[in-house]
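Here's the structure we're looking at; comments come further down.
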Number of protein chains: 2
Amino acid sequence: MAQLPNCICFNLRRVARIITQEYDAELRQRGIRSTQTPILQALCRREWWSMAELSEWLGMDRTTLVRNLRPLERDGLIESKGGGHGVPVEIFITAKGRKHVEEFTPAWRTAQARIIDTLGDEQWSSLLDQLEKAAERIRK
Amino acid sequence: MAQLPNCICFNLRRVARIITQEYDAELRQRGIRSTQTPILQALCRREWWSMAELSEWLGMDRTTLVRNLRPLERDGLIESKGGGHGVPVEIFITAKGRKHVEEFTPAWRTAQARIIDTLGDEQWSSLLDQLEKAAERIRK
DNA sequence: GTTTAAAAAGTGTATATACACAACAATGAA
DNA sequence: TTCATTGTTGTGTATATACACTTTTTAAAC
């Protein structure tokens, strides 16, 4: 009977869905999505990234990242030099992309603050730490 | 600099991805996916469900559930009576579906056990409790 | 130098997710 | 009866996710 609520995968996915919707409700007004913000934020940190580096940094499957970059490139927020089968690619954020980051950051902060209000800062910190620890151990 | 790792949404999604991959690695051999197992498990608990009831129980957007049921119905694991625009639908698991549940449950247990090993049972319990609490408060 | 292995990127396919919208049914009010 | 409201379901569209596979380059082995 209590088997379903006991599934860690299911529960984690469910909470991730709920929280994603919360962030997206804020970010939508700025024409951006919760998956895209960390990509643009990562691109701000460096001159450029290769596909493999960026996917490693984001903890995102490389082939997933390939598709996730498409709307961003289409909208001119990022660009890529090189690339294609076997050819290394340089991915970088454009000026327009940086401007977008400036514009959506307040909305991101609002969403983040609303979530933190639910449990408190320390509790979320410790919670994410534990999840991070679990993730690391799974990967080995 | 530490802005990216501080995003709760991003980190939660990332861990959810990793754990989902872990479950799927086990479940794949049984021809089922991590999203589908809780659906079939829920259907085992009742004679039938309406679309709205089931989506509410699973904490899944109703329109998402509509699409997620399709492969299950195509493969004969579930069936539906009624339905269509505006017409209530009765969703229920088939004999084949129940057999599938029996067959994938060991794989599910294996995956679950591997995850629990990473942090311990009590820690996962408390972690999911806190996530649940946060999710509830967000919904209000 | 050729062959082989490893590294890097992209594609095919299938599922997952959800907002905006549409279609229809049932019920109660005018 | 007709009309408006509410509840139930499905569709259009777009993004997210990842495994299996392919293509190409580079580097190492021989």
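Below, read A as the first sequence line, B as the second, and so on, with proteins coming before strands; counting in each chain starts at 1.
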Report the residue (A/Arg33 or A/Gly59) whose heavy-atom-nearest nucleotide on DNA chain D is the more 5′ of the two.
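Going by which nucleotide is closer to the 5' end, it is A/Arg33.
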Pairs flagged by salt bridge (charged side-chain N to carboxylate O under 4.0 Å, His left out) wherever residues 51-78 of chain B is involved - sequence neighbours left out
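Output for this query lists B/Arg46-B/Glu53.
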Of the nucleotides [options], which one has an atom closest to the side chain of [X]?
| X | options | result |
| --- | --- | --- |
| B/Thr63 | C/dA16, D/dT11, C/dA9 | D/dT11 |
| B/Met60 | D/dT11, D/dC19, C/dT17 | C/dT17 |
| B/Met51 | D/dA18, C/dT17, D/dT9 | D/dT9 |
| A/Gln36 | D/dT15, C/dA9, C/dA18 | D/dT15 |
| B/Pro88 | D/dT8, C/dA18, C/dA8 | D/dT8 |

Is a donor-acceptor contact shorter than 3.5 angstrom present between the side chain of [X] and the base of [N]?
| X | N | answer |
| --- | --- | --- |
| B/Arg74 | C/dT15 | no |
| B/Arg62 | D/dG7 | no |
| A/Arg67 | C/dT15 | no |

Name the nucleic acid region contacted by A/Thr35, choosing base, sugar-phosphate or nothing; use a 4.0 angstrom heavy-atom cut-off, strictly under.
sugar-phosphate
Using a cut-off of 4.0 Å on non-hydrogen atoms, how would the nucleic acid contact of B/Thr20 be classed: base, sugar-phosphate, or nothing?
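If one applies the 4.0 Å heavy-atom cut-off, B/Thr20 turns out to touch nothing in the nucleic acid.
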Within the pair A/Gln21 and C/dA18, is there a side-chain N or O less than 4.0 Å away from OP1 or OP2?
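Yes.
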Respond yes when some side-chain nitrogen or oxygen of B/Thr64 is under 4.0 Å from OP1 or OP2 of C/dA16, and no when none is.
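Answer is no, no contact under 4.0 Å.
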[X] [atom1] to [N] [atom2]: how many Å, rounded?
| X | N | atom1 | atom2 | value |
| --- | --- | --- | --- | --- |
| A/Phe10 | C/dT17 | CZ | P | 10 Å |
| B/Tyr23 | D/dA18 | OH | P | 16 Å |
| A/Glu53 | C/dA9 | CD | C1' | 13 Å |
| A/Trp49 | C/dA8 | CH2 | P | 15 Å |
| B/Asn68 | C/dA14 | CG | P | 16 Å |
| B/Leu27 | C/dT15 | CG | C1' | 14 Å |
| B/Asp61 | D/dT15 | CG | C1' | 14 Å |
| B/Ile91 | D/dT8 | CD1 | P | 13 Å |

Residue closer to the 5' end of DNA chain C, A/Arg13 versus A/Val66 (nearest nucleotide)
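Final value for this comparison: A/Val66.
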Report the residue (A/Val87 or A/Arg28) whose heavy-atom-nearest nucleotide on DNA chain C is the more 5′ of the two.
A/Val87
B/Trp48: which other cluster members, linking ILVMFWY side chains closer than 4.5 Å, directly or transitively?
B/Phe92
From A/Leu131 atom CG to A/Ile138 atom CD1, the distance as rounded to the nearest 0.5 Å
9.5 Å
Counting N and O atoms only, with roles assigned by atom type, does the side chain of A/Trp57 sit under 3.5 Å from a partner on the main chain of A/Trp49, one being a donor and the other an acceptor?
no
With a 3.5 Å distance limit and no angle check, can you tell me whether B/Ser80 reaches the backbone of B/Glu90 through a side-chain donor-acceptor pair?
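Side chain of B/Ser80 to backbone of B/Glu90, a donor-acceptor pair under 3.5 Å: no, none is there.
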Under 3.5 Å, is there a donor-acceptor pair between the B/Ser126 and B/Glu122 side chains?
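Short answer, no.
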